[in-house]
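Notes for the one structure printed next.
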Amino acid sequence: MAIRLFNTYSRALEEFSPLDPAGREVKMYTCGPTVYSHAHLGNFRAYVFEDLLQRHLGLRGFNVRRVMNITDVDDKTIRGSSEAGVPLAEFTAPFKKAFFDDLDTLRIKRADSFPEATDPRELAKMIEMIGTLMERGLAYQAEDKSVYFRINKFPDYGKLAHFDLAELRSTGRVKSDEYDKEHVGDFALWKAWDEEDGAVKWESPWGDGRPGWHIECSAMATQLLGEQLDIHCGGVDNIFPHHEAEIAQTEGCTGKKFVRYWLHCAHLMVEGQKMAKSLGNFYTLRDVIGKGYSGREVRYALMRVHYRAPLNFTWEGMEEARVALGRIDEWVRRLNAETDSKDNPEAPSSKLQAPEKHQAPMAGPDFHDALDDDLNISGALGVLFETIRETNRRIDGGEIAAGEAKAWLDWWGRVDQVLGISGEEAALPEEIAGLAEARVQARLAKEWRKSDELRDELAARGWEARDTKDGQKITRRGGA
RNA sequence: GGCGGGGUAGCCAAGUGGUAAGGUCGGGGUCUGCAAAACCUCUAUUCGCGGGUUCGAUUCCCGCCCCCGCCUCCA
């Protein structure tokens, strides 16, 4: 089954085929964070979506080369460093580190490179591109000394967002100091230095200053991935102007189609509104972890809604994620028990004849097929949970042989290559083991009151005691 | 005003021209010393509203309503 993706450019589902179908290489560029504070959950929704996309393409045999930029110079980083009274690089460093820590917490695979806007090599590329645009009359230096892109010279400007330039209407977000431009829609390629920038400046043919935001991505993408990309992702708020500008700049330089597939994810909402730093209604990953949730629980909560639908962040949703993951964990444990507990791993399980060949037996829709359809995660999770219920039912009935349990674990392994949500068995702390043993003794003595107290005690510490036909089982609940 | 996304059970959310996946919550069971887990079972005659096409529409067409976002540097 072919992979189909919704392309913002055409506003239609398109069958995915990379530039180089033979090599199966996919060049993917994803807009990264501006490191002036901690990224918020809305940002991470986008990164989790991109991670899911990368993992699914990987499972389908594509070799994804991904680049994610780090914006470490802009108005906000400059303001932050000046308020903190430290050099720009010193101000952004801890936020860069925090960003990578957060990626790890959410089990987001690292991109192949994370270029930074202030890297001299990247700056050189930006200046080179601006120079080319100047030569071609696609850019001009205004009276304020800044260099702007001349959108009237680029007929395709507006094609991605489907905007008619004549219809552009100001929303008051235009800064008043941009009156030197030929057209209100012209955007800065190089921003001339002014006093507020302090020590932050680089030399260029047009005087000291710093790069505009958009040129950053054009330069890094072409420098690291080439003039044409397969996939470019971001949040819907990047469609205009950011990605529109990227197309104009890049194609203005190369004359080639910049991106084949534009993918954008919808916003994360809080109480029905977009989560945004500018609105002050945002949570950072650290806020949620601080409430006792684990990275994989957050990952699941961000991933479980289709990327093009708005996702409302709620604590109820976090609880649901916790319960659902606990169910998956328990299922995996049971399958493992079915493979472990049999006396002879060579022999089929005691109970029934074991079929020799256990391809995970699915008639009907497959997990990965669902994802082929524009990352239909709900459909895919539906397959997973139906599988869980069915295999649990058969384990209850003693119908699963060791070989089949093993086959299901293999199936889960492939599924989790994409989901990245499997739990890790936490080692039993001595203290917990002691309480558990005391409870076993109490139960043997039929001291129910004492055993119930010990169960509560364990629960208070995040461990659950269950009495099964094979004796007491201690498992970690929630978290991890 | 222009351009998008969305409106399906308490909540989250798939989906198909033929009569509604899955998750979660809640009720009832099996099991258990009691629980928990797991499983079984119940919970939308109905898919924002009104028309139309059709033997039949949640699914196609037309009109309308509501929510959210973008419209120059927010993922």
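Naming: A, B, ... by sequence-line order, numbering from 1 per chain. Hydrogens, waters and symmetry mates play no part in the numbers below; they use all other heavy atoms, side chains included.
Distances were taken from every side-chain heavy atom of A:Phe385 (C-beta onward) to each of B:C74, B:G23, B:C71; the shortest belongs to B:G23. Out of B:A35, B:C73, B:G33, the shortest distance to the side chain of A:Arg466 is found at B:A35. Taking the side chain of A:Asn43 as heavy atoms from C-beta on, and the options B:G33, B:C74, B:G69, the nearest nucleotide is B:C74. Here the side chain of A:Phe240 is nearest to one of B:C39, B:C71, B:C74, namely B:C71. Listed candidates were B:A21, B:U72, B:C34. Nearest to the side chain of A:Arg439 is B:C34.
On a pure distance criterion of 3.5 Å, no polar donor-acceptor pair joins the side chain of A:Arg393 and the base of B:C40. Not a single donor-acceptor pair, N or O on each side, falls under 3.5 Å between the base of B:G23 and the side chain of A:Arg327. Judged by atom type and distance alone, A:Asp467 reaches the base of B:C34 through a side-chain donor-acceptor pair under 3.5 Å.
Salt-bridge formation is not detected for the pair A:Asp396/A:Arg393: no Lys NZ or Arg NE/NH1/NH2 atom is positioned less than 4.0 Å from an Asp or Glu carboxylate oxygen. Between A:Asp467 and A:Arg443 there is a salt bridge, since a side-chain N of the basic residue sits under 4.0 Å from a carboxylate O of the acidic one.
With RNA chain B read from its 5' end, the first of the two nearest nucleotides for A:Phe6 and A:Arg304 is the one closest to A:Phe6. Of the residues near RNA chain B, A:Ile388 and A:His162, the one whose nearest nucleotide (by heavy atom distance) lies more toward the 5' end is A:His162.
We find that CG of A:Asn392 is positioned 17 Å from C1' of B:U41, with the value rounded to whole Å. Separating the CD1 atom of A:Ile395 from the P atom of B:C40 is a distance of 13 Å, rounded to the nearest angstrom. Between the CG atom of A:Asn312 and the P atom of B:G7 there is a distance of 14 Å, given to the nearest Å.
Base pairing analysis places B:A21 opposite nothing; no Watson-Crick or G-U wobble pair with both distances below 3.5 Å involves it. Pair check for B:G4 finds B:C68; Watson-Crick or G-U wobble, both atom distances under 3.5 Å. Within the shown strands, B:U30 is the pairing partner of B:A38 under the Watson-Crick or G-U definition, both distances less than 3.5 Å. Across the strands present, B:C47 finds no partner; the criterion is a Watson-Crick or G-U wobble pair with both atom distances under 3.5 angstrom.
In this pair, A:Trp411 and A:Trp331 present their aromatic rings perpendicular. The plane angle is above 60°, beyond the 30 to 60° band.
Residues passing the side-chain hydrogen bond (donor to acceptor under 3.5 Å, both in side chains) test with A:Thr34, sequence neighbours excluded: none.
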